[in-house]
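What follows is a single structure, written as structure tokens, with notes after it.
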Amino acid sequence: MSKPPEYVGRFAPSPTGPLHFGSLLAAVASRLEARRRGGRWLLRIEDIDPPRERPGAARRIVEALERYGFEWDGPVLYQRHSETSHRAALQRLLAASLAYPCGCSRRDLLDAPAGPLGRIYPGTCRKGKGKGKSSNAPEFAVRVLTDNSQTGFVDRLQGAQSQRLESESGDFVVLRRDGLIAYQLAVVVDDYEQNVTDVVRGIDLMDSTPRQIWLQRLLGYPTPSYAHIPVATNAAGIKLSKNTGALAVPMEAVEPTLISALKALRQSPPDTLAKAGIGEIWEWSFAHWDLQKLRGFRQLKPGGQATRSVPCGEFTE
Ligand code: GLU
């Protein structure tokens, strides 16, 4: 029997803003799970979207992770350096007629039905870019062909998930009209090239997973295992994100914030840890981490004490 591949996990922030409490949770959970499984943990800065990037954010994210005592295996991967691999994967999809150029503008798609993942692409350019209303525009996107079979996976925390891509998202973009590689393709190529076996990340990305699995299948890549951790919300129940102006995690006296992260992740660190240094907090976490304490939860409030459980999928608490 062949040996199962070594566990490789990763944290992959986009430098569109500072490391905030919500992204700290994904960093802590992915690192601790990799550690508990005796695996490696990589840091990848997803800097392939310059229009959305904030100057200095990549450096500040790395500094914050260092300040909080994170240690990753190998050098930081800056995703823009893998552009050659991203473009090679795009060419493979095009050469195999699994993807096609699309001349439709956002305006052309205003009449398309809206689904939970955004506008559902009606397939206008499937039979040739000339069919798009804005086909004379110099820019075009590339979309990947989808069908209506169920694309599913069993999430380690959220249970069985599935989408019918053709009717739920339509053929989706792998090369944007502005010439940039789309997140869905970049993440799939980089997870493959870095031999990532296990993805632990925020539940806000769970909707993207079937599209990523779809691309993995087209490109002949293995599918990693996925665990989507609950999203952190503020006291008003609003998701903490760069879009909602979530604040950067503090850079001074970081220990209480790391302890809050562990509490939010439902790990119950003892009160005695309140006076501990960062190294000791990590040691406790390495010894006690249990991902399954998050099973079936979709939302968390910082501090853990006000956690609201929304059972979903096949799991209930
Ligand atoms: N870069 C993405 C983000 O910051 C996360 C990508 C991933 O974990 O797959 O939202």
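In listed order, ligands and their atoms are each counted from 1.
- Contact annotation: for Thr16 versus ligand 1, there are no heavy atoms closer than 4.0 Å.
- With a heavy-atom cut-off of 4.0 Å, Ser14 touches ligand 1 through backbone and side chain alike.
- The closest donor-acceptor contact from the side chain of Asp73 to the backbone of Arg40 lies at 3.5 Å or more, if one exists at all.
- With Asp191 as the partner, the side-chain hydrogen bond (donor to acceptor under 3.5 Å, both in side chains) test is satisfied by one option alone out of Gln216, Arg44, Gln212: Arg44.
- Between Ala12 and ligand 1, a contact under 3.5 Å exists for at least one N or O pair.
- For Gln212, the closest heavy-atom approach to ligand 1 does not fall below 4.0 Å.
- Residue contacts with ligand 1 for Tyr183 involve side-chain atoms from C-beta outward but no N, CA, C or O (heavy atoms, distance under 4.0 Å).
- Partner of His228 under the side-chain hydrogen bond (donor to acceptor under 3.5 Å, both in side chains) criterion, chosen from Arg298, Arg156, Gln158, Arg201: Arg201.
- Residue Arg201 has at least one heavy-atom neighbour below 4.0 Å for each of these atoms of ligand 1: 7 (C), 8 (O), 9 (O).
- Between Phe70 and Trp282, the distance separating the two ring centers is shorter than 6.0 angstrom.
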Can Gln79 and Ile45 be said to form a side-chain contact (heavy atoms from CB on, under 4.5 Å), step by step? CA-CA 6 Å; Gln79 196 167 42; Ile45 301 286; over 6 Å; no

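- With ligand atoms numbered from 1 in the order given, ligand 1 contributes 5 (C), 6 (C), 7 (C), 8 (O) to contacts under 4.0 Å with heavy atoms of Leu205.
- Of all atoms in ligand 1, numbered sequentially from 1 with element shown, those under 4.0 Å from a heavy atom of Val187 are 9 (O).
- Ring geometry, Phe11 versus Trp41: the interplanar angle falls under 30°, so the pair is classed parallel (tilted spans 30 to 60°).
- Atom numbering of ligand 1 starts at 1 in the shown order; those under 4.0 Å from a heavy atom of Arg10 are 7 (C), 8 (O), 9 (O).
- Near Pro13, meaning under 4.0 Å from any of its heavy atoms, are these atoms of ligand 1: 1 (N), 4 (O).
- If you take CZ on Phe172 and CZ on Arg211, they are separated by 7.0 Å, rounding to the nearest 0.5 Å.
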